[in-house]
Amino acid sequence: MSEQLGRILPEVSEESRAFWTGGFEGKLLIHHCASCDRWFHPPVGACFRCRSREVAPKAVSGRAKVAAYTVNHHPWLPAFPPPYVIAAVELDDEPDVRLTTCLVDCEVDRVEVGMPVEVVFNEQGDVALPFFRPVSA
Ligand SMILES: [Zn+2]
């Protein structure tokens with residue numbers, strides 16, 4: 001199995017549950033630190049910046065920009081016939097937070113770094129995977 005795919009398919013833990021299930025309510029929930037007012041990812045029990053434990057999932061806008069991407073030509077996921085785009089996106093609310101995701105509803109050869117995208121949720125059983133699609137002009 002590919003390294004990239006391993007990062008996309010979730011291992012749901014107590015701390016990451018909100019991230020993987022917020023999409024059922026249309027929310028992209030990222031861990032937020034009440035002490036330094038910053039978001040961080042992946043979700044853990046303490047803020048890596050200030051060590052505060054006043055952390056909890058909080059909704060971000062869902063807007064982001066493509067930071068890096070690769071086109072996948074292998075049929076790893078039955079639901080996603082190749083080619084499709086695996087991307088790292090930077091959240092507009094907190095560019096330090098990068099999510100590895102799939103880009104959907106886009107032409108593979110139109111993708112570029114810096115392209116604005118927005119979250120769209122792909123429900124797969126118990127989780128709603130946060131994928132991203134280009135923001136329509
Ligand atoms: Zn903090």
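For the numbers below, each heavy atom of this structure counts, side chains included, while hydrogens, waters and symmetry mates do not. Since this is a predicted model, take the numbers as computed values, not measurements. Read the numbers this way: they start at 1 and go in the same order the structure lists the ligands and their atoms.
Around the Zn ion (ligand 1), the protein N, O or S atoms closer than 2.8 Å are Cys33 SG, Cys36 SG, Cys47 SG, Cys50 SG, listed by chain and residue number.
In this structure, His31 has its ring center no closer than 6.0 Å to that of Phe19.
In this structure, Asp96 pairs ionically with Arg49, as a charged nitrogen and a carboxylate oxygen lie closer than 4.0 Å. Using a cut-off of 4.0 Å between Lys/Arg side-chain N and Asp/Glu carboxylate O, Glu118 and Arg63 are scored as salt-bridged.
When all heavy atoms of Val111 and Cys106 are compared, the closest pair comes out as CG2-SG, 3.9 Å.
For the 3.5 Å distance criterion, the side chains of Ser61 and Asp93 qualify, holding a donor opposite an acceptor.
Between Cys33 and Cys50 there is a side-chain heavy-atom pair separated by less than 4.5 Å.
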